[in-house]
Amino acid sequence: MAYQLRAINFKGVMWTLVPLLLSSCVGEKKPLQSGADKPSEEYIQTGIGPGGRPIGPAWSRSPVYASNGMAATAQPLATQIAIDILKSGGTAADAAIAANAALGLMEPTGNGIGGDLFAMVWDPEAEELAGLNASGRSPKSRSFGQLLKELDGSDKIPPLGHLPVTVPGAVDGWFELHKRYGRLPMDEILGPAIDYAENGFPVSPVIAFYFARAERSFMSRLDQINEFENARAVFFSPEAPKVGEIFKNPDLANTYRALVEGGRDAFYKGGIARTIDKYMRRIGGDLVFADLNSHTSSWVTPVCLDYRTVELCELPPNGQGFAALQMVNILKNVDLRQWSRNHPKVWHYLTEAKRLAFEDLARYYGDPDFSDVPTEQLLSDAYGKQRFSLIDPESVLRDPSPGSFQFESEGDTTFLTVADRDGMMVSLIQSNYRGMGSGLVPDGLGFMLQDRGELFSLDPNHPNAYQPGKRPFHTIIPAFILQDNRPLVSFGLMGGSMQPQGHVQILINLIDYGMNLQEAGDAARMNHSGGRQPTGGGDEDLLGVLHLEPGVSDITVEALREMGHQVKIVDDGIMFGGYQAIYRNPSTGVYVGATEMRKDGQASGY
């Protein structure tokens, strides 16, 4: 294959390889197995990278290899905590909880115990993949009519203040994981985060950027927040912390200590619940003690769908994981390996598969306790072929629509992954949703309440319509890849509607194009926006915008535009998510870790 070296600014990767002649790539076949621990095809071609780097010209860094355990998170100190827990004899679940607690302190711009949690765990003893839905519900005392009255004519739920607040599910998720898979006591698990919260840690660069952005956003919309002085005192006093500054959160340290002493009941039945209740009543909010007291998480069965020689596994709704499975179900009807990864046909099929899958997401997804989600139909091979048949290989669909089914009745984020010496692998994602959350920090607790309820629909006939005690549609989704019913890759990718798109892009990078685990995350990504939404609306923007990162060739961009895509090149890592992954070599058991070059993260093992 002929290549041309082109200089670009791709988030720290100064050189990348693009095909010299796209037509020369047609018909080329790539190996049909994961390249997670193999040299990349580009290295085989050139052998030299940027700055004289001897291997991996398309990678920002080398994948990390270890035999006993591995962790990959969005903050190096959190990764180190996870590794220390593993070395102390903790399980991957113990280490995941410890890292998540640390990230709630160190990356409050993306997560915290005021939010929700989803996880998948490969259990080596039971030899099965388990799923956990630890998302919270809307206030039981607020009816649909009362919500409309409080919205005072607005056609959507705001992202700030008390109206989008739902029960925080993360802490119950921690204790569910610990009860089933934990080994160490909670004082050892939460101890490192308590110590950092009390004594402080230096803020890392990307998180400092998000802190500053969150401060500007809150300051510009103070009129929408019921009370902001608590949040200001905890996170922005006297201003957002800068790179390298020591940040402390003693209130959060005390909250974590209460969890050590009182367990999950301290949060949902004890002093923390009482504090949240008193605070919400003071500011006119609807979430009260009874909502926290009745909260439960749900153990669910992940659903896996075949793609080539592997299976992609996702959690069922109220999350959007099945949108990734629908994309895979469409794409397996075309052999993408006949084109190079940068060929316009690959981007075209990815985009059209996303648009079709998201039309169904907008129409059918919601809390399954309140509505029937037609999962069997949506994920059937026949339906995948039917949806694929709608794609024009040469042009965009002008008016994609959801599929039609008959029913008996109608009815910013952090991802981390950890693996231990026994073969347990945890894929965990946790979030306060938009920005840092609602802007509301209950008195003396040190964390912000989530604004996940913004994602309810106000269409009373929609499966995702607001109802009391209901879980809203969720964007955060962990992922797994299995091969021969064994764990191959635990991974995830942050960022709203980017997540299903990102899961599929990582999958095809590994399986169709033989990239290694780090390269699969470093490669330029797409993020298509627009189309109908699960919150209602979006009908006026059915074509949407295809956002591409720098690194996609000018030839490809022009070809996509000729097909009818509205293409925008975006040099902004936030739009394209944050990736962490662990691969387990099926033959040797050796772990390979990778982390997102667009974040502050680190993969480490021992």
Mind checking ring-ring contact (aromatic ring centres under 6.0 Å, His included) for [X] and listing every partner two or more places apart, or none if nothing turns up?
X	answer
Phe415	none
Phe491	His503
Phe480	none
Phe209	none

In terms of side-chain heavy atoms, does [X] have a donor or acceptor partner in [Y] at a distance below 3.5 Å?
X	Y	result
Gln430	Asn100	yes
Ser135	Asn133	yes
Ser438	Gln450	no
Gln501	Asn527	yes

- Is a salt bridge present between Arg525 and Glu596, judged by a nitrogen-to-oxygen distance below 4.0 Å?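 Judged by the 4.0 Å cut-off on N to carboxylate O distance, Arg525 and Glu596 do form a salt bridge.
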
- Message: Give me the atom names and distance for the closest heavy-atom approach of Leu397 to Leu390.
- Response: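 That closest heavy-atom pairing would be CD2-O, 3.2 Å.
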
So, using side-chain hydrogen bond (donor to acceptor under 3.5 Å, both in side chains) as the criterion, who are the partners of [X] when residues are at least two apart?
X	answer
Glu227	Tyr279
His528	Lys354
Ser427	none
Lys140	Ser294

Could you pull out all residues at least two apart from [X] that satisfy salt bridge (charged side-chain N to carboxylate O under 4.0 Å, His left out)?
X	result
Asp123	none
Lys470	none
Arg471	Asp367, Asp369

- Residue pairs involving residues 166-177 (criterion salt bridge (Lys or Arg N to Asp or Glu O under 4.0 Å); sequence neighbours excluded):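 Every pair satisfying salt bridge (Lys or Arg N to Asp or Glu O under 4.0 Å) with a residue in residues 166-177: Asp172-Arg264, Glu176-Lys179.
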
- Query: Do Phe473 and Phe456 pass the ring pair (Phe, Tyr, Trp, His ring centres under 6.0 Å) test, and can you show the C-alpha distance, the side-chain angles, and the key distance before you say yes or no?
  - Reply: CA-CA 6 Å; Phe473 168 79; Phe456 278 118; over 10 Å; no

- Can the ring centres of Phe175 and Tyr268 be said to be less than 6.0 Å apart?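 Centroid distance Phe175-Tyr268: not below 6.0 Å, so no.
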
